[in-house]
Each structure stands twice: as structure tokens, then as C-alpha cells.
Number of protein chains: 2
Amino acid sequence: MSEPRAATIKDVATAAGVSIATVSKFVNRQQTFSPAVEERIRAAIASLGYRQNPAARSMVTGRTQAIGLAVMDIRNPHYANIVKGANRVGMKSGYSQFVVDMEERREGVHQMLDALAMRVDGLIVSTRIPEQDMDWLANMGKPVIFVGRPMRDVIYTVRTDGYLGAGLLARYLVRQGYRRIAYAGFPLASWNEERLRGLKEVVEAEGLELQVFEVDGTVTESGERAAAHVLLRPDRPEVIVACNDQVALGFLIQARALGISIPEDVGLAGFDNIEPSRYVLPSLTTVDMRSETMGEIAMQQILAMIAGKEIARDYRLEPTLMIRQSTMRPPAGG
Amino acid sequence: MSEPRAATIKDVATAAGVSIATVSKFVNRQQTFSPAVEERIRAAIASLGYRQNPAARSMVTGRTQAIGLAVMDIRNPHYANIVKGANRVGMKSGYSQFVVDMEERREGVHQMLDALAMRVDGLIVSTRIPEQDMDWLANMGKPVIFVGRPMRDVIYTVRTDGYLGAGLLARYLVRQGYRRIAYAGFPLASWNEERLRGLKEVVEAEGLELQVFEVDGTVTESGERAAAHVLLRPDRPEVIVACNDQVALGFLIQARALGISIPEDVGLAGFDNIEPSRYVLPSLTTVDMRSETMGEIAMQQILAMIAGKEIARDYRLEPTLMIRQSTMRPPAGG
DNA sequence: GTGAAAGCGCTAACAG
DNA sequence: CTGTTAGCGCTTTCAC
């Protein structure tokens, strides 16, 4: 029923009548063997159901064959996609993946990553990190890659350019004839500033002014809570750019509740291109931030670093504008 | 810049002028110490930045302080919620979490879990498992819990009762006056049978017949692909129950494209209660399968098993019916 | 309350 | 091609 004890390399060696060193080399495919030996080892392993003990292995090699992946909120499809992408490429190379959902936690992050760090060969971080922990992270002696987060120097990053994305979106909105453009941002997010800046530059270059509002988080409920304040004011914007799709979706939900039509009464757009954006009504114009690809690249890069290769400090992906119904401005009656 | 070498317990012992055994006991809070020693150890640890090496620790204890969590598709909010719940309770107890996204993979599952098994103290599995791997899983000597999957005996499970949920939903639909009721199922899913059975029993008890269709997967696209076949037939059902919300959403999307109104022309319902179901138009009637709670409970149970406690073989949660617009039948004109 | 010593299972020289 | 051996960093008796 329950096995007495898992077979060790020693058991295999004994059963095969060879030394443990030979078994080790066999298991790690480090050389060739005489057919006889090879066969005996193979048989012994099979009959004993032997598996390498990763802990023992990593004790001597110093490598764990695991990567740590910290995200803000696995429930946000944006992060789920990052995990998915990373998982796919990691798995191909035989790496397992620790995932940690930080749940918007602001404290204890250091401690958490600290604990993780000892268990992995590298870290992919897509979380808010207190400024003071940055140096520590950068110098902890293991590869670290930030994803989706703009940072100069200090650290390696993989990201889709939010400044560029915001520019694409803003230029499109202006072309659509929108004049009163607003941004609903979440200042605590590290990517907030560049999205804001990208919008602002384009909008102001047109001689327009960007109205800026704040939301209290990055989930749909954050958008729902902020919506009334933005939608019911006398100088209501003609189009609202939310800092991400979830927030935009929150605005959408609340607009319906308030009897405000999108895009007839007000336009709406977001960032990320999560799946629901495609099928909500009206479908949501957004900037595809290539979440899954970021995850894939981040993992590739971290594996490259582990392999001792030199990689780009700042791997940048190009965002794509997804034009949908929520910004289909009705022909202006003026 | 980069530290020469991570501090070991030996370094701490030397620095504090005590033995490594003492440091070990201190770190693991296994007894009390003379104030002097305690202080010296504390100082040494702090100044050296010492952290326990988990690999070394687990070599001797045989425990890894990690749990493996295998899901079908992390992009499906249902699974993301399970991960989230599990992660939350695991973290509180100091357990890290390996997450594996199986991506609907049908082969290599054994191998994958095999590799995982050596790295964890327990496994939470929410994936399709080939029948022949069941015994192996059940007897691999480590706690295993299946989530969301009906199974008698053999193995521990945490699940929300799909049979019950289907019953709730079916009774409600009948009460709504629906007569031609259909189920769009995915036969490969382990939970498919009980959802189907739950519907069928109620429907047939009413003297009605359940139409059954098949979809080719559990994502929105699966629903989209299957929709036309179901929606355009002469004997179109009055209401369609999809095997999960994603598939239902696919039907919804495709119905729009075909110019078929929900709920006016045909009703629609799903299972899971993922977030988008609440805000699509029309909002989707569904059975809340309590994904996040399942994740929490599964982790609690696995930790209990690891602690040597006896737990329920089959932990069952009650589903809740979420009545929304997609089944708001217009007053029948007949 | 503290320390010495025996491994945990494995890899990596190094010898043969 | 195969084997011997010295640890990797830590916990755990068992003495003192």
C-alpha cells in the first residue's frame, strides 16, 4: 500500500551492482556506458521506481531548477497570462515554478521574496516593490527580472512599452475627434506614470488638456467606485482612458447603472487587452500589452541569465492598439 | 556588490561563538537560551544576513514546505481562483506553492506530476488524470487532494457538488417555464457527467427531454464554435445550459453574431460564476461553484494531512444559484 | 542550556 | 568506462 521508503541512488547502485557515481552519471546523462551496465541500471531504476531527490541534488549543485514568480493578483487575467507564458517555457526546460500571489500586499514583500529566493535559481517579479528593497533585490546574487515595470538601470526588465501604447491610443482618440480626454489612473502602480505621460504628451500637443482622475485599485470594483464621480460631473470627459482593462470594465458596468451610454455619451478605453474586453458590450478599445509574451520572454531571459549568457537590460515589446466599439464616436452633430 | 557566498549556519555559529546545533535550535525556535547566547546569535544572523537553506533542511527532515498545485488552465478564472485561495492559506502556514499549468495536456501528465511530487509535501490536483495514473497518485506516499472532481474512494477530494448545482439550476429553469432545455457538455471533463445527470433527472422528472450537445473544450472559443449548430437548428432549445461559464460566454458571443437575442430568443446559463459572468450583457445566470473556497479548503486539508490529522475523504461544498438576466424569460405569449 | 557527531541523497573531482 | 571519496548545509540524537 504505502511504500516503505523511497528508493535512493544507493539502492539503485546496489541493485544494479555498480557504484552510486555510475548511477549518478547515468541519471544525468553525463557519459556513455557499457551496454551491460546501462541495461542493469535502467532495470534497477525501473523496478525500484527511483527518482532523483531534488533537494539532495541542489545541495551539491547549488541549483534548484525552480523559478520564483511573484504577481500582484493572479485573478487579473493580465497576470494569469504572464504566469501561463512563463510556465510554458520554463516547463520545456525542466524548470518548475513557484508562484506567489501578493494580493496587493504592501508590507512583508521583502520577507516573502526573501524566503522564496533561497528556493529558486531566479526570480520573475511583477509586483510592487518598496523602493528600499530594490537594491537588495538587485544584489541578492540571483537573476531577477521585472516584468511590466519601467525601471532604469539597477535591474533587468521585460516590458511592453506603456508610453508608446498610451501614445498610440491618444493619437487614435484625437483622430476620432475626442477633445475632452480623461485618464483614470492608479498612482501606486509603477506603470501608471508612463501611461499618463504618454497620453498627456499627445493630448497637450494638440492644445488640449488631459483631465486626470484617480482610482483606488486595479480591479473592476475600483472602476465601479470611481465611475460616478467622473461620469456625473458637469464637465464630463468625452472619453475616459482607464489605467487597465479591469478598471475600464468597472466604468462600463457603472455607466450602465447610471444610464450613460458608451460610446454614445462617453468613450472608454483601457490597457492590457484581457479576454473579457473583447466580448463585453460595447467591446472595449484597449492597448494590448502582450501579457503572455512578456511571461514567455521573462522566463527565457531568466534562463539565459542562469546559463550565464548576457541579456538585454531592458527588453521592450511593442504594444498594439485594439480598436473596438467603446470608442466608436457617433458622427458629431456640430 | 555581489556577496561572495551566502552565510551558512556554520558562519553564524562561528560569529556567535556557539555550536551549529545551538544556532539550529534557535532558528527553529526549539527551546530557550541564555540571554547572552540568544543575543549573540541574533546579532550574528542579522549581520551576516543568514537564511536557512531549504534544500539542506529538507534533506534531513524529509519535508519541503512546498505544495504542488496542478491546474488545467490558469487563464480560466475558475482555476485562477483556486490558486488564489490555496495560495492564501498556504502562505499563512509558511508553505510555498509550485503551480503547474497543464494546458489541457493529455499526455505526459504522469511524468510532470512525478517530477513535482519529489519537490513537495503534498499535491493539489485539478487536472484531468488518465485513469491508469490514479492508483499511482493515490499510493505515492504523499497527501494528494483532488479539487472540483467527483471521485468515489481511492483519493481525497474537495469539491462543490455539481449534481446539486445542476439540480438547482434545472429546477429554476423549469419554474421559469422553459420546456426545451439543452446541455452543452464537454465529455472529457470529469465533472461533466454529474452536471449532466443533475440536469437530466430534474428535466425528465418533469416529463421533458434534455437535448445534449457537445463542445470541444472549456474555453470561450469552444462555445463559439459549437453555438451555430445549436442555435440555428429548427428545434432550437429554449434554454441552453453550458458546461461552464466560459463556454456559455462563447455561446453568448456567437448568438450576438447570429442576431439571436438572449434571453428573448433563447435562455443561457453556465457553471462556475467567474467574474465576467456578472458584467456581460445580458449578465449570465450560473451556478457558483465556489472556486476560491475550494482552493482554500483544499490547502487546509492538505496541510492537515501533512500534520497527520484525519480528514474527510470527500469534502463537499454547496453550490449557489446565481440568477441573472440571461434566463429572464419574457412573459410567454401563448 | 549547549555541543559533538552522524548522517540526509547526491554530485564532482580524481584515480584507476 | 567505473569506483572512491569528500563534502553541500542542516537537523537530530545523545552526551555533558
Side-chain angles (χ1 to χ4, degrees), chain A residues 3-42 44-45 48-66 94 115 117-121 141-142, chain B residues 3-42 44-45 48-66 94 115 117-121 141-142:
Chain A
E3 38 270 78
R5 181 177 67 81
T8 74
I9 197 174
K10 205 182 288 181
D11 300 326
V12 175
T14 306
V18 298
S19 74
I20 60 169
T22 304
V23 177
S24 174
K25 285 165 198 150
F26 175 86
V27 168
N28 295 309
R29 298 173 165 61
Q30 285 185 169
Q31 48 168 73
T32 54
F33 303 86
S34 66
V37 167
E38 176 154 353
E39 184 43 36
R40 266 154 42 213
I41 298 180
R42 195 195 312 291
I45 288 178
L48 292 170
Y50 167 75
R51 315 277 149 198
Q52 259 180 309
N53 178 326
R57 180 171 218 269
S58 78
M59 276 233 59
V60 16
T61 62
R63 317 270 250 56
T64 63
Q65 298 283 101
M118 293 294 292
R119 318 179 134 244
V120 301
D121 294 337
K142 285 192 179 156
Chain B
E3 37 271 72
R5 180 178 66 80
T8 74
I9 197 174
K10 204 183 287 180
D11 301 326
V12 174
T14 306
V18 299
S19 74
I20 61 169
T22 303
V23 176
S24 173
K25 284 164 197 151
F26 176 86
V27 167
N28 296 307
R29 298 173 167 60
Q30 288 185 164
Q31 49 168 72
T32 54
F33 303 84
S34 67
V37 167
E38 176 155 351
E39 184 43 36
R40 266 151 47 209
I41 298 181
R42 193 195 313 291
I45 289 178
L48 293 170
Y50 167 74
R51 313 278 149 198
Q52 260 181 304
N53 179 325
R57 181 171 217 270
S58 77
M59 275 233 57
V60 16
T61 62
R63 317 272 249 56
T64 63
Q65 298 282 103
M118 291 295 291
R119 316 179 137 246
V120 301
D121 294 338
K142 285 190 179 159

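Reminder, nothing fancy here: chain letters follow the sequence lines and each chain counts from 1. Owing to the predicted nature of the structure, the values given are computational and were not obtained by experimental measurement.
Atom CD1 in A/Ile45 sits roughly 16 Å away from atom P in C/dG9 (whole-Å rounding). B/Arg63 has its CZ atom 18 Å from the P atom of D/dC10, to the nearest Å. Taking atom CD of residue B/Glu38 and atom C1' of nucleotide C/dT2, one finds them 14 Å apart after rounding to whole Å. Taking atom CD on A/Gln31 and atom P on C/dA13, their separation rounds to 14 Å, with Å as the unit. When the C1' atom of D/dG9 is taken as reference, atom CZ of A/Arg57 falls 18 Å away, rounded to whole Å. Taking atom NZ on A/Lys10 and atom P on C/dT11, their separation rounds to 14 Å, with Å as the unit. As a whole-Å value, the separation of B/Arg5 CZ from D/dG7 C1' is 13 Å. Look at CE on B/Met59: it is 17 Å from P on C/dA6, rounded to the nearest Å.
Taking 4.0 angstrom as the limit, B/Thr61 places none of its side-chain polar atoms (N or O) nearer than this to OP1 or OP2 of C/dC8. Distances shown here put a side-chain N or O of B/Ser34 below 4.0 Å from the OP1 or OP2 atom of C/dT2.
The ring pair (Phe, Tyr, Trp, His ring centres under 6.0 Å) pairs that include a residue from residues 18-37 of chain B are B/Phe26-B/Phe33, where partners are two or more places apart or lie in different chains.
If you check residues 18-28 of chain B against DNA chain C, the residues with a heavy atom closer than 4.0 Å are B/Val18, B/Ser19, B/Ala21, B/Thr22, B/Lys25, listed by number.
Note that the CD1 atom of B/Ile41 and the CD atom of B/Glu39 stand 10.0 Å from one another [nearest 0.5 Å]. Here the straight-line distance linking atom CG of A/Leu48 with atom OG1 of A/Thr8 works out to 9.0 Å at 0.5 Å rounding.
Within the 4.0 angstrom heavy-atom criterion, no nucleotide atom of any strand lies near A/Ser58. Across all strands, A/Arg51 comes closer than 4.0 Å only to sugar-phosphate atoms, never to a base (heavy-atom distances). Within the 4.0 angstrom heavy-atom criterion, only backbone atoms of the sugar-phosphate kind lie near B/Gln30; the bases stay farther away.
Side chain of B/Ser24 to backbone of B/Ile20: no donor-acceptor contact under 3.5 angstrom is found.
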Item to complete: Could you go through the side-chain contact (heavy atoms from CB on, under 4.5 Å) check for B/Asn28 and B/Arg57 one step at a time?
Response: CA-CA 11 Å; B/Asn28 296 307; B/Arg57 181 171 217 270; 2.8 Å; yes
Worksheet item: Does the pair A/Ile45 and A/Val27 meet the rule for a side-chain contact (heavy atoms from CB on, under 4.5 Å), with working shown?
Response: CA-CA 9 Å; A/Ile45 288 178; A/Val27 168; 4.0 Å; yes
Practice prompt. Just do the side-chain contact (heavy atoms from CB on, under 4.5 Å) check on B/Arg119 and B/Thr64 with the steps written out, would you?
Written response: CA-CA 7 Å; B/Arg119 316 179 137 246; B/Thr64 63; 5.6 Å; no
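When distances are taken from the side chain of A/Asn53 to each of D/dT12, D/dC1, C/dG9, the shortest belongs to C/dG9. You'll find that the side chain of B/Ile9 is closest to D/dC10, out of C/dT11, D/dC10, D/dT2.
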